[in-house]
Amino acid sequence: MYQYPVYSPQLGEEEKRNVLDCLETNWISSKGKYVELFEKNFSIFTDIAHSNAVANGTVAIHLALAAIGIGPGDEVIVPSFTYVASVNGIRYVGATPVFADCSRADWQMGVEEVRRCITPKTKAVMAVHLYGSCTDMAALAKFCKEKNLLLIEDCAEAFGTYDHGRHAGGFGDISTFSFYGNKTITTGEGGMVCTQSESIDSVLRHLKNQGVSKTKQYWHDVVGFNFRMTNICAAIGVAQLDRAQQIIQVKKEINQMYEERLRHKLEFLPCGKGIESAHWMVTALAQSEEKRNALRAFLDSKKIETRPSFYPVHLMPMYEQKLDLPVTMDIAFRGINLPSSPTLTENDVNVICNAVIEFYG
Ligand SMILES: Cc1ncc(COP(=O)(O)O)c(C=O)c1O
């Protein structure tokens, strides 16, 4: 058992009350008032016109790609430095992931990294807003428009992140979120697919609900999915949205405390101009992979849980390729995530920082 887990969600009375309401009213499946309310409130929070609640962030990506017509023969440009679910979604719809490097300036895949990967088969670009930051999304959206490419935003880690005042997920054709237990707001398991387009929203709703006809019960006119979120999960989500501003504020303060005390020991994830990160996970680089591993082992011995940053997906057996992605290869092996729960106190962060300082001597 860790004294300082890398993440634990902040749950309270409203979450309990809402879940109890689901149980007491018998609305425990995917019908019930909370799903609609969560979707409505999510759209208000993010200022993205349409939100569709789904079972998790992985199916959100699968559904998003299916809804915008990505399929066999299409290439989708995606950073190798991401969580594997971003890439698996591309494979699920039969398309081909094309791995891009990330920028040294902000560790995200930007226009220049995308440009190098374009081929005549490129159909879409998937930006992944890693660890709560994001690239210059206005520039990437403009570039994709010029090249006639669809733009998907994987915002699993970017709830509460803004680029020049606009919430992540509002730039692309479609965007996805995750509400896994370690995300900035959580529903236990859960996800959201968002779009500004009414026509894409209508395809999303149709596909996520088994492709059932709008006019004839138990008649299905496409091969759809059951990707629906339950009312219980949505009930938690409604309560989490009510406390979202406070969670985000605390997470920003936690990140700032770490940076202030440890910036001479570790290199923290740098944010681009105009990017307001929600700092989902406090992310930093050690001097080498060996140093990172030794630091993790030292913190582990002090009951402080950490995570290694994501390994490059293009090295994993399902996607293995020889590619020249120098920034990814450098960053991915030196990265460490420090405890980032909104439940951490100032004293907790100080204890963790003291341990890091002790390690460096
Ligand atoms: C970048 C990214 N994409 C997708 C996912 C998948 O979300 P989930 O775990 O809810 O399926 C995650 C989360 O774990 C993630 O970090």
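These numbers come from the heavy atoms of this one structure, side chains and all, not from hydrogens, waters or symmetry mates. In each ligand, atom 1 is the first atom listed, and ligand 1 is the first ligand listed.
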**OP:** For atom CD1 of I28, decide whether the heavy atoms of other residues, nucleotides or ligands shown that lie under 6.0 angstrom number more than 12.
**Re:** no
Subject >> Over 12 foreign heavy atoms within 6.0 Å of CD, E346 >> reply: no
Original post:
What part of V128 sits under 4.0 Å from ligand 1 if we count only heavy atoms: the side chain, the backbone, both or neither?
Top reply: side chain
Original post:
Within the structure, does Y83 bring an N/O atom to less than 3.5 angstrom of an N/O atom in ligand 1?
Top reply: no
**OP:** Side-chain contact test, heavy atoms from C-beta onward, threshold under 4.5 Å: evaluate it for D173 versus I152 and give yes or no.
**Re:** no
**OP:** Look at atom 16 (O) of ligand 1 and find which of E157, M281, H62, M126 reaches it with the closest heavy atom.
**Re:** E157
Original post:
For ligand 1, which atoms have a heavy atom of S178 less than 4.0 angstrom away?
Top reply: 7 (O), 8 (P), 10 (O)
**OP:** Could you tell me whether some N/O pair between K183 and ligand 1 is separated by less than 3.5 angstrom?
**Re:** yes
Original post:
Considering only heavy atoms of I61, which atoms of ligand 1 have at least one such atom less than 4.0 Å away?
Top reply: 4 (C)
Subject >> G57: numbered ligand 1 atoms lying under 4.0 Å from its heavy atoms >> reply: 6 (C), 7 (O), 8 (P), 10 (O), 11 (O)
Original post:
Between L295 and L266, is any pair of side-chain heavy atoms under 4.5 Å apart?
Top reply: yes
Original post:
Does an N or O from T82, backbone or side chain, lie closer than 3.5 Å to an N or O of ligand 1?
Top reply: no
Original post:
Y311 and ring-ring contact (aromatic ring centres under 6.0 Å, His included): which partner among F81, Y319, F333, Y83?
Top reply: F333
**OP:** Identify whether the distance between the nearest side-chain nitrogen and carboxylate oxygen of R205 and D201 falls below 4.0 Å.
**Re:** yes
Original post:
Regarding R263 and the six-membered ring of F268, is the cationic atom NZ or CZ under 6.0 Å from the ring centre and inside 45° of its axis?
Top reply: no
Original post:
Do the ring planes of F159 and F177 sit parallel (below 30°), tilted (30 to 60°) or perpendicular (above 60°)?
Top reply: perpendicular
Original post:
Side chain, backbone, both or neither: which part of T58 comes within less than 4.0 Å of ligand 1 when only heavy atoms are counted?
Top reply: both
Original post:
So, is W280 polar-close to ligand 1, with some N/O to N/O distance under 3.5 Å?
Top reply: no
Original post:
Which atoms of ligand 1 are found less than 4.0 Å from any heavy atom of A85?
Top reply: 4 (C), 5 (C), 6 (C)
Original post:
Please state which protein non-hydrogen atom is closest to atom 3 (N) of ligand 1 and give its distance, to 0.1 Å?
Top reply: D154 OD2, 2.7 Å
